[in-house]
Amino acid sequence: MNIFVVGGAGYIGSHCVRQITAAGHRPVVLDSLVCGHRQAVAPDVPFYHGDLADRSLVAKILRDEKIDVVMHFAAFINVGESVSNPLKYYGNNVAKTLALLETMLAEGVKKFVFSSTAAVYGIPEKMPIREDAPKAPINPYGQTKLDCENLLSALAVANGLSFAVFRYFNACGAAEDGTIGEAHDPETHLIPNVIRAAMGLQPSLEIFGDDYPTPDGTCLRDYVHVDDISRAHIAAFDRLGNSGAQLRYNLGSGRPFSVSEIVKAVEAVSGKKVPVKFVPRRAGDPPELCADNAKARAELGWTPKFGDIGAIIETAWRWHSAHPAGYGA
Ligand code: UDP
């Protein structure tokens with residue numbers, strides 16, 4: 001199949017492009033390179049530099065490349081920024097997604113895979129979180145993803161769009177060969193920041209809060225390898241055949257780790273001491289997020305290959321050690 005990967009030069013998109021090729025499909029990438037990196041996509045993969053809301057460009061690609069499925073990774077993901085600049089988030093994450101969907105439907109392309117987030121659940125009442133748990137985002141980022149999910153549901157009924165939505169928990173890790181990995185600017189995510197502190201690239205790791213109602217007082221999160229996330233997306237292709245199919249899956253490992261446990265795991269992998277500094281809680285951080293991933297396992301036959309947090313961190317360590325300046329090196 002020909003798979004159009006919108007945002008294919010970003011962190012999760014670029015890993016997915018590799019898995020699409022490995023699974024015997026043909027990826028075609030569109031990326032604005034606002035957050036993505038051209039070097040993250042192999043030179044032999046068709047690459048278009050442009051915007052997902054550029055209707056004439058997208059329509060041409062859908063036609064010329066005979067696209068079967070559209071995968072959409074092109075979103076802004078910084079929670080704090082979504083609070084201070086909601087127009088940027090609604091404009092990109094919602095309005096541009098709507099433009100992409102309009103173009104697809106006009107061109108008769110009706111299979112869609114969407115990157116969503118555990119942030120749609122807000123502060124959940126029950127752990128682990130099932131897909132049917134109440135959706136109550138606590139920041140504009142999560143709300144924009146939920147708005148897109150709701151739009152997809154309506155289009156499935158009205159226009160026969162067939163979609164899979166994946167709600168990511170904490171995506172992490174890097175390609176096993178260490179050639180592509182996580183490179184955000186600024187980097188806000190835990191594992192890259194712990195590794196940067198271990199490498200001496202930042203003075204210490206700031207731990208946001210040690211007074212949460214958790215065993216060691218730091219937040220619990222569900223870390224899932226980016227290649228495992230990518231494999232779930234490909235496993236969904238077969239189920240998009242029915243017009244109006246509506247698939248929604250949590251993607252997490254199902255095991256929570258605290259911030260302090262992640263620090264210890266990085267120390268074990270790297271053999272280096274990580275200097276830490278405890279600072280006040282970060283606004284909008286729920287104490288615990290952990291996925292119930294039974295639905296993805298049962299329906300997609302998906303099993304996370306990286307069952308061990310140490311193995312996940314090893315891949316991230318390999319990437320960051322070889323690319324201390326990310327793709328800028
Ligand atoms: N965190 C931290 N220091 C950092 C980055 C993150 O203590 O430099 C904590 C954050 O408060 C949260 C967890 O690590 O409890 C995971 O944060 P991340 O930003 O990686 O992902 P999120 O769970 O916000 O999607």
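Whatever order the structure lists ligands and atoms in, that order sets their numbers, starting from 1. From a predicted model like this one, the values you see are computed outputs, not experimental measurements. Position 1 is the first residue of the sequence, and the numbers go up from there.
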Please list, one pair per line, the donor and acceptor atoms closer than 3.5 Å that link side chains of residues 157-166 to other protein atoms, with sequence neighbours excluded.
{"unit_1": "S162", "atom_1": "OG", "unit_2": "L240", "atom_2": "O", "d": "2.7"}
{"unit_1": "S162", "atom_1": "OG", "unit_2": "N242", "atom_2": "O", "d": "3.4"}

Using a strict threshold of under 4.0 Å (side-chain N to carboxylate O), is an ion pair present between D285 and R221?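 So R221 pairs with D285 through a salt bridge.
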
Ignoring hydrogens and angles, tell me if any N or O in the side chain of R38 forms a donor-acceptor pair with the backbone of V41 under 3.5 Å.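 Yes, the answer is positive, given that a donor and an acceptor are paired below the 3.5 Å cut-off.
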
With a 3.5 Å distance limit and no angle check, can you tell me whether H25 reaches the backbone of N2 through a side-chain donor-acceptor pair? no

Listed by chain and number, what are the ring-ring contact (aromatic ring centres under 6.0 Å, His included) partners of Y11, not counting sequence neighbours? H15, H184

First-shell residues of ligand 1 [heavy atom, distance under 4.0 Å]: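 Within 4.0 Å of ligand 1, the protein residues are N170, T188, H189, L190, N193, L205, E206, I207, F208, C219, R221, Y223, V259, R282, D285.
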
Could you pull out every donor-acceptor pair under 3.5 Å between side chains of residues 197-206 and any protein atom, sequence neighbours left out?
{"unit_1": "Q202", "atom_1": "OE1", "unit_2": "R196", "atom_2": "NE", "d": "3.2"}
{"unit_1": "Q202", "atom_1": "NE2", "unit_2": "S204", "atom_2": "O", "d": "3.1"}

